Amino acid sequence: MNLRRDVFQAIADPTRRSILMLVAAQSMTAGAIASNFDTARPTVSKHLQILTECELLRSEQNGREIIYHLNPNKMKEIADFIEPFRKMWDEKFNRLESVMKAYQNADKDVRS
């Protein structure tokens, strides 16, 4: 059975988020990625497998090495999904900021 991993479960793990940040800056081999962590290389390999299955990373065979690249299209899908929530919270914080400014101005008027 081929189970497709959930992309949000994949990015919920802090190590996988760190791997994404590393690979976003520069495509890397598994060994180069693993050298940035204090965990065993097989553990990092498992994280890479999950990120690849979720299509957040693409792998490219280069001789004997596999180079991992960030998949910007998949990252955009995540960003597009999150965008309405970001907008909603921005609006709520902007309203809160307006209320706080009005409260501060009213407090200044009382003290004057």
Side-chain angles (χ1 to χ4, degrees):
M1 181 182 345
N2 186 12
L3 294 177
R4 183 164 166 101
R5 296 192 185 268
D6 180 73
V7 70
F8 291 100
Q9 287 177 335
I11 62 175
D13 184 277
T15 301
R16 289 192 283 268
R17 288 194 307 268
S18 295
I19 291 170
L20 289 171
M21 296 296 290
L22 282 170
V23 177
Q26 177 181 348
S27 297
M28 304 172 91
T29 64
I33 294 167
S35 70
N36 288 277
F37 298 94
D38 291 330
T39 58
R41 187 167 171 169
T43 303
V44 173
S45 291
K46 183 65 177 173
H47 288 304
L48 291 171
Q49 177 187 0
I50 291 168
L51 291 169
T52 303
E53 287 175 4
C54 290
E55 299 175 355
L56 292 167
L57 294 180
R58 291 181 292 105
S59 61
E60 171 191 3
Q61 189 80 37
N62 187 4
R64 294 182 349 159
E65 294 185 316
I66 297 175
I67 310 290
Y68 290 91
H69 307 274
L70 186 70
N71 181 356
N73 294 330
K74 193 64 167 184
M75 297 301 290
K76 184 173 179 339
E77 284 180 33
I78 295 168
D80 290 347
F81 175 80
I82 292 172
E83 182 62 18
F85 299 101
R86 188 194 63 77
K87 284 181 180 177
M88 177 189 68
W89 282 107
D90 280 350
E91 290 169 7
K92 289 180 184 286
F93 284 124
N94 288 338
R95 279 185 267 156
L96 178 60
E97 183 178 27
S98 296
V99 169
M100 293 302 295
K101 283 181 181 178
Y103 176 77
Q104 287 172 342
N105 290 336
D107 189 43
K108 286 178 187 176
D109 290 343
V110 170
R111 284 193 254 155
S112 298

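Note that the structure is a prediction, hence the values are computed from the model and not measured.
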message = How close do Ala30 and Arg41 get, counting heavy atoms only, and between which atoms?
response = CB-NH2, 3.8 Å
key: Rounded distance [0.5 Å steps], CG in Leu48 versus OG1 in Thr29   = 9.5 Å
query = Roughly how far apart are Arg17 CZ and Leu56 CG, rounded to 0.5 Å?
reply = 12.5 Å
ask   = Can you hop from Met21 to Leu51 via hydrophobic side chains spaced under 4.5 Å?
value = no
ask   = Below 4.5 Å, heavy atoms only, C-beta onward: do Ile50 and Asp13 meet side chain to side chain?
value = no
message = How long is the straight-line distance from OG1 of Thr43 back to CG of Asp38, given to the nearest 0.5 Å?
response = 11.5 Å
key: Euclidean distance, Arg86 CZ relative to Glu91 CD, rounded to 0.5 Å   = 9.5 Å
query = Closest approach of Leu57 and Leu70, non-hydrogen atoms and distance?
reply = CD2-CA, 4.0 Å
ask   = Roughly how far, to the nearest 0.5 Å, is CD1 of Ile33 from OH of Tyr68?
value = 7.0 Å
query = Leu96 and Tyr103: same hydrophobic cluster, using ILVMFWY side-chain contacts below 4.5 Å?
reply = no
message = So, applying side-chain contact (heavy atoms from CB on, under 4.5 Å) with Glu97, which one of Lys101, Arg95, Met100 is it?
response = Lys101
key: Nearest atoms (heavy-atom pairs only) where Ile66 meets Gln61   = CG1-OE1, 3.6 Å
query = Counting only heavy atoms not in Gln49, do more than 12 fall under 6.0 Å of its CD?
reply = yes
ask   = Quick one: NZ on Lys76 to CG on Asn71, what's the gap to the nearest 0.5 Å?
value = 12.5 Å
ask   = Do Met88 and Phe93 belong together in a cluster built from hydrophobic side chains that touch within less than 4.5 Å?
value = yes
query = Would a hydrophobic clustering, with Ile, Leu, Val, Met, Phe, Trp and Tyr connected at side-chain separations under 4.5 Å, put Val44 with Ile67?
reply = no
Taking every non-hydrogen atom, the tightest pair across Lys74 and Glu55 = CB-O, 3.2 Å
query = Please walk me through it: do Thr39 and Thr15 pass side-chain contact (heavy atoms from CB on, under 4.5 Å)?
reply = CA-CA 10 Å; Thr39 58; Thr15 301; 5.6 Å; no
message = Quiz question: by atom type and distance under 3.5 Å, do the side chains of Arg16 and His47 form a donor-acceptor pair?
response = yes
query = With side chains defined as the heavy atoms from C-beta onward, is the minimum distance between Val7 and Glu77 less than 4.5 Å?
reply = no
Linked, directly or transitively: Met75 and Phe85 (ILVMFWY side chains, under 4.5 Å) = yes
